[in-house]
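Below is one structure, written out as structure tokens; the observations come after it.
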Amino acid sequence: MLCGSFEITRREVLLVILIVGAYFAPSNKLKDALLERVGLPGRMEERYSGNGAVKGEERPNPSNHNNNKNKNKNNNHQNQNDPRGWKVPVPQETSMQLYENDDNIVHVIHTRFMQFQAPLSDLARARLQLFRTFTLPSVRQQSNQQFLWIIWMEPQLDVQVRQEFIDLVRDLPNCIVIGSRSKQPLMRAEFYAQAVMESAVFSGSYDLLLDYHEAAQSRIVLHTQLDADDALFYDFVRSLQRDAVQSLKHSTLKYDYRIWCVRKRLEWGYFNPLNETAVSGYLVGYESKKECPPGGYTKGYGTQTDEPDLPPEGRYEIHTSTPQCDFTSHKCIARLDGGSSDYAVLRARTPAAHGMTDVLPKTNSPKDLAWKDRQEATWNKLPKNFGVHRTTVEQMRAGLESNMVNIILQNLEGQCSEGFSCKHSSKEKLKQLKAKYKKQQDEEKQKKIEEQLLLQNKHDDIINDESNDADDDEGRDNPQKEDGDHGSDTRKSANVKANDTNSESSHDDPSSAMLDEDDNGD
């Protein structure tokens with residue numbers, strides 16, 4: 001927008017509006033909120049500015065605690081009350097041996113696996129194959145391994161599936177598998193050790209978990225959600241932590257936080273909309289400008305923020321109450337890019353997933369048609385960017401295809417389980433898939449029956465031909481029998497001729513005829 005000889009951007013207009021609104025705000029709380037949006041200190045920050053304290057309050061000063069840390073070696077959880085009554089964690093050094101992060105960030109990646117779905121063993125095996133194909137290689141390939149990966153597993157899961165899963169991640173030093181149906185506690189939770197008991201750990205170091213909990217009391221904390229069938233691009237962790245340092249580590253605002261969502265994502269569709277017989281599936285790219293897709297969804301908060309200060313909305317609604325970071329730098333939604341890969345997350349859309357959005361292919365979709373000529377080039381980039389290989393995907397898909405009916409039936413059974421969404425549309429799509437695969441299954445059975453009948457008929461024909469050949473061979477091996485038969489036929493022919501001769505002679509001789517008549521008269 002032009003104003004005289006100056007050009008005014010939308011952001012500058014928004015900043016002016018917020019400042020004016022803060023000036024006329026009816027309450028100090030609203031004034032603080034508006035000023036924090038534009039990065040200016042509110043009344044709470046002004047109370048701590050200057051040399052003296054206001055109304056007997058002292059500004060929390062991390063340096064004071066660092067100076068006194070030698071006097072408090074046995075107390076690693078010093079806190080100081082802020083004006084609201086919350087206990088604010090204070091950055092300090094600790095004696096932790098296992099926690100390590102160059103930027104003093106506590107980054108935890110959370111993955112759920114089959115919680116509240118213990119009896120569904122076929123579905124669990126299918127999801128295990130998806131985890132092995134997409135999620136695991138992408139985490140192994142991260143350029144920065146300074147994070148903790150917690151996998152929350154159904155405690156009553158099939159023993160064989162559980163053991164196979166544990167064997168896959170056993171060699172990862174920063175991965176811990178916990179058998180639990182409880183809601184994931186955040187790392188700063190006061191009773192974290194009581195919420196996560198050591199007896200619930202299936203694999204990994206419990207001491208490492210406790211070290212991360214201790215470190216979270218005085219450091220920036222990041223919580224990332226990663227589904228068990230999604231993949232992160234190889235530089236995801238490093239990019240996220242770098243942005244967190246820039247936006248949160250030096251923030252002077254109290255109660256500051258930031259939400260990270262990916263800007264662009266790839267989706268691998270189990271079904272190819274342009275070729276039903278394709279075994280590789282189909283790749284399509286998407287861009288999110290407002291909503292937050294599941295893969296890589298992250299909440300981060302600084303040392304002056306408690307977890308109750310975070311927005312309560314989930315990722316589906318967060319964009320309705322939290323502004324984008326394009327217009328402000330605090331308490332906002334930031335977008336993560338995929339760097340050289342362009343796409344930050346790869347999501348799998350399969351009949352084994354709980355949500356069925358975009359699983360069924362759309363007919364003549366312009367989006368799908370636009371990606372028809374980009375398949376080969378995109379597949380070639382996946383090994384480097386996500387650790388995902390086309391041959392592995394094809395093998396995984398073939399395994400799922402062989403047991404797809406049972407997978408769909410158990411996925412239907414698992415819908416509306418505790419802790420999961422309950423959508424009528426997902427059920428309807430699963431029913432459509434069940435009908436489709438049932439029909440294919442019946443057609444395959446009928447085809448097998450016809451093939452067996454055809455083979456049986458061929459077998460019978462071969463036996464009949466062999467029997468006829470045996471009779472012919474027997475005739476050639478016994479020529480005397482044929483001669484005897486021929487002699488008898490000759491004698492029969494001679495007798496017939498003799499009878500014919502006698503008959504002719506009787507007709508020629510009248511006396512003979514008279515004799516016969518007399519004889520017949522007698």
Completion exercise
Residues Q146 and N144: closest non-hydrogen pair is N-OD1, 2.8 Å
Exercise for the section: Answer with yes or no whether the side chains of N101 and Q241 bring together a donor and an acceptor at under 3.5 Å. Expected result: yes
Exercise for the section: Go through the side-chain N and O atoms of R127 and Q117 and say whether any donor and acceptor fall under 3.5 Å apart. Expected result: yes
Practice task
Could you verify whether a donor N or O on one side chain and an acceptor N or O on the other, from N275 and T277, lie under 3.5 Å apart?
Solution key: yes
Exercise for the section: Looking only at non-hydrogen atoms, find the nearest pair between A352 and A126 and report the distance. Expected result: CB-CB, 4.2 Å
Handout entry: Residue E317 excluded, over 12 heavy atoms near CD under 6.0 Å
Key = yes
Practice task
Tell me whether the centres of the aromatic rings in W268 and F134 are closer together than 6.0 Å.
Solution key: yes
Practice task
Nearest 0.5 Å please: distance from the SG atom of C261 over to the CD1 atom of I318.
Solution key: 8.0 Å
Practice task
Decide, yes or no, whether a salt bridge links E287 with R263 under the criterion of side-chain N to carboxylate O below 4.0 Å.
Solution key: no
Practice task
Indicate the ring-plane relationship of Y212 and Y99, choosing parallel, tilted or perpendicular according to the 30° and 60° boundaries.
Solution key: perpendicular
Exercise for the section: Keeping to residues at least two apart or across chains, list the side-chain hydrogen bond (donor to acceptor under 3.5 Å, both in side chains) pairs with something in residues 376-392. Expected result: S280-R390, E376-R390
Handout entry: Exercise: identify the closest heavy-atom pair between M187 and L209
Key = CE-O, 3.9 Å
Practice task
Would you check if the side chain of E154 reaches a backbone N or O of F116 as a donor-acceptor pair within less than 3.5 Å?
Solution key: yes
Problem - W152 and T111 side chains, donor-acceptor separation under 3.5 Å - result: no
Exercise for the section: May I ask you to check if R162 and F202 form a cation-pi contact, with NZ or CZ under 6.0 angstrom from the six-membered ring centre and within 45° of the axis? Expected result: yes
Exercise for the section: Give a yes or no on whether a salt bridge exists between E164 and R125, defined as a side-chain N under 4.0 angstrom from a carboxylate O. Expected result: no
Completion exercise
Between the CZ atom in F233 and the CG atom in L266, the distance rounded to the nearest 0.5 Å is 12.5 Å
Problem - NZ/K434: more than 12 non-hydrogen atoms of other groups inside 6.0 Å - result: no
Handout entry: Flag if over 12 foreign heavy atoms under 6.0 Å of CD, E190
Key = no
Practice task
Tell me yes or no: between the side chains of E276 and N272, is some donor less than 3.5 Å from an acceptor?
Solution key: no
Exercise for the section: Can you see which heavy atom on Q163 is nearest to which on R170, and at what distance? Expected result: NE2-NH2, 3.1 Å
Handout entry: Residue pair R219 / T303, side-chain donor-acceptor N/O under 3.5 Å
Key = no
Completion exercise
In terms of heavy-atom contacts, A244 and I105 come closest through CB-CD1, 4.1 Å
Problem - T135 side chain reached by L226 side chain, heavy atoms, under 4.5 Å - result: yes
Problem - Polar side chain donor-acceptor pair, Y192 to Q217, under 3.5 angstrom - result: no
Problem - Donor-acceptor contact present, side-chain N174 to main-chain F147, <3.5 Å - result: yes
Problem - R258 to Y301, cation-pi by 6.0 Å centre distance and 45° axis angle - result: no
Practice task
Determine, for Y316 and K423, whether the Lys NZ or Arg CZ falls below 6.0 Å from the six-membered ring centre while staying within 45 degrees of the axis.
Solution key: yes
Problem - Salt bridge flag under 4.0 Å for residues K331 and D256 - result: no
Practice task
Assess the pair Y234 and F386: is the distance between their ring centroids shorter than 6.0 Å?
Solution key: no
Handout entry: Heavy-atom donor-acceptor pair, Q142 side chain to S138 backbone, under 3.5 Å
Key = yes
Handout entry: Nearest non-hydrogen partners of E313 and Y297, listed with the distance
Key = O-OH, 4.4 Å
Practice task
Say whether, by atom type as modelled, one donor and one acceptor occur between the side chain of D243 and the main chain of S239 under 3.5 angstrom.
Solution key: no
Problem - Polar side-chain atom of T133 near backbone of L130 as donor-acceptor pair, under 3.5 Å - result: no
Handout entry: Rounded distance [0.5 Å steps], CD1 in I333 versus CD in E291
Key = 10.0 Å
Practice task
Let me know which of H110, K299, H107, Q184 forms a side-chain hydrogen bond (donor to acceptor under 3.5 Å, both in side chains) with H223.
Solution key: H110
Practice task
Sequence neighbours left out, what pairs pass side-chain hydrogen bond (donor to acceptor under 3.5 Å, both in side chains) with at least one residue falling in residues 195-204?
Solution key: none
Exercise for the section: Hey, could you give me the CD/CG distance between Q246 and L248, rounded to the nearest 0.5 Å? Expected result: 10.5 Å
Practice task
Find the distance between CD1 (I150) and OG1 (T224) and round it off to the nearest 0.5 Å.
Solution key: 11.5 Å
Problem - Of all pairs that satisfy salt bridge (charged side-chain N to carboxylate O under 4.0 Å, His left out), the ones with a partner from residues 353-368, not counting sequence neighbours - result: D358-K362
Practice task
Please answer whether the main-chain N or O of S121 pairs with a side-chain N or O of Q410 as donor and acceptor at a distance below 3.5 Å.
Solution key: yes
